[in-house]
Amino acid sequence: MSELKKLVEKFIELDDDLNEKIEKELETSEELSETFEEDNKEQLEELGEIYHEIEHAVFNEEFIIVSNANSEETEIVALIISDEDDEAEEFVIPVYTDEGEADEAIEVFKEQFAENEFICDKKLGSEIVADYVDDEGFIGLAINAPQWDFVIGSEDVHDCCE
């Protein structure tokens with residue numbers, strides 16, 4: 001298992017735990033207590049640290065990207081995340097940490113778009129972000145989507161050594 005995958009799994013686990021605490025507290029009150037942040041400071045700091053590690057890992061990680069091979073130009077699969085009513089379409093690029101994750105996603109894509117043929121390619125996270133940085137609708141990368149609900153914003157993908 002890649003280091004990035006471990007980091008994301010740890011982040012999701014901590015985030016889910018924190019969200020459960022928030023829900024539990026909101027069951028008894030309409031807002032969080034004044035001490036909630038202080039009581040959960042360690043967990044919040046750990047979440048921030050892990051997210052920062054993810055930002056660096058995504059920059060240098062080689063991902064599998066899925067493309068539609070049926071169009072005239074090969075198109076990378078994008079997931080639209082904005083409402084139909086929105087003027088500008090916002091989207092994320094799903095990226096995969098291993099072939100098994102990519103294969104699972106392709107099965108989901110085939111269910112929705114049976115007429116398409118999907119192929120895989122590999123690219124660094126920093127290269128993918130650079131390819132779409134000028135597109136106003138580009139939000140970021142969805143890691144192992146749709147299996148996970150984890151998106152990293154394009155502006156967060158960086159390397160401190162730059």
Determine yes or no for a side-chain-to-main-chain donor-acceptor pair under 3.5 angstrom, with [X] supplying the side chain and [Y] the backbone.
X	Y	answer
Thr35	Glu38	no
Ser29	Leu26	no
Gln43	Leu14	yes

Discussion item. Looking at Glu115, I'd like to know if its CD atom is crowded, meaning that more than 12 non-hydrogen atoms belonging to other residues, nucleotides or ligands lie closer than 6.0 Å.
Written reply: yes
Discussion item. Counting only heavy atoms not in Gln112 (residues, nucleotides, ligands), do more than 12 fall under 6.0 Å from its CD?
Written reply: yes
Worksheet item: Could you walk me through whether Glu55 and His52 pass the side-chain hydrogen bond (donor to acceptor under 3.5 Å, both in side chains) check?
Response: CA-CA 5 Å; Glu55 293 170 336; His52 188 74; 3.0 Å; yes
Grouping I, L, V, M, F, W and Y whenever their side-chain heavy atoms are under 4.5 Å apart, do [X] and [Y] come out in a common cluster?
X	Y	answer
Leu32	Leu47	yes
Leu44	Ile22	yes
Ile128	Ile80	yes
Val108	Ile65	no
Ile12	Ile54	yes

Worksheet entry | Glu61 side chain to Thr97 side chain, donor-acceptor N/O pair below 3.5 angstrom | no
To the nearest 0.5 Å, what is the distance between [atom1] ([X]) and [atom2] ([Y])?
X	Y	atom1	atom2	answer
Glu90	Asp135	CD	CG	10.5 Å
Phe11	Glu46	CZ	CD	10.5 Å
Leu18	Asn40	CG	CG	5.5 Å
Ile76	Asp121	CD1	CG	8.0 Å
Leu79	Ile93	CG	CD1	8.0 Å
Lys110	Glu117	NZ	CD	8.0 Å

Heavy-atom pair of closest approach, residues [X] and [Y]:
X	Y	answer
Leu124	Asn60	CD2-O, 3.4 Å
Ile152	Tyr51	CG1-OH, 3.3 Å
Ile50	Leu7	CG2-O, 3.5 Å
Cys120	Ala102	SG-CB, 4.3 Å

Worksheet item: Any Lys/Arg nitrogen of Asp39 or Lys21 sitting under 4.0 Å from an Asp/Glu carboxylate oxygen of the other?
Response: no
Fill in: Lys123 and Asp131: CA distance, side-chain angles, deciding distance, salt bridge (Lys or Arg N to Asp or Glu O under 4.0 Å) verdict
CA-CA 11 Å; Lys123 212 168 200 181; Asp131 288 347; 2.4 Å; yes
Discussion item. Could you tell me if the side chain of Val66 sits less than 4.5 Å from the side chain of Pro94, heavy atoms only?
Written reply: no
Discussion item. Parallel, tilted or perpendicular: which one describes the rings of Phe91 and Tyr132, with boundaries at 30° and 60°?
Written reply: perpendicular
Worksheet entry | Contacts of type side chain to side chain contact (heavy atoms under 4.5 Å, CB included), residue Glu13, not counting sequence neighbours | Lys10
Worksheet item: side-chain hydrogen bond (donor to acceptor under 3.5 Å, both in side chains) with Ser126: which residues, sequence neighbours excluded?
Response: none
Item to complete: Compute the ring centroids of Phe63 and Tyr96, then answer whether they are less than 6.0 Å apart.
Response: no
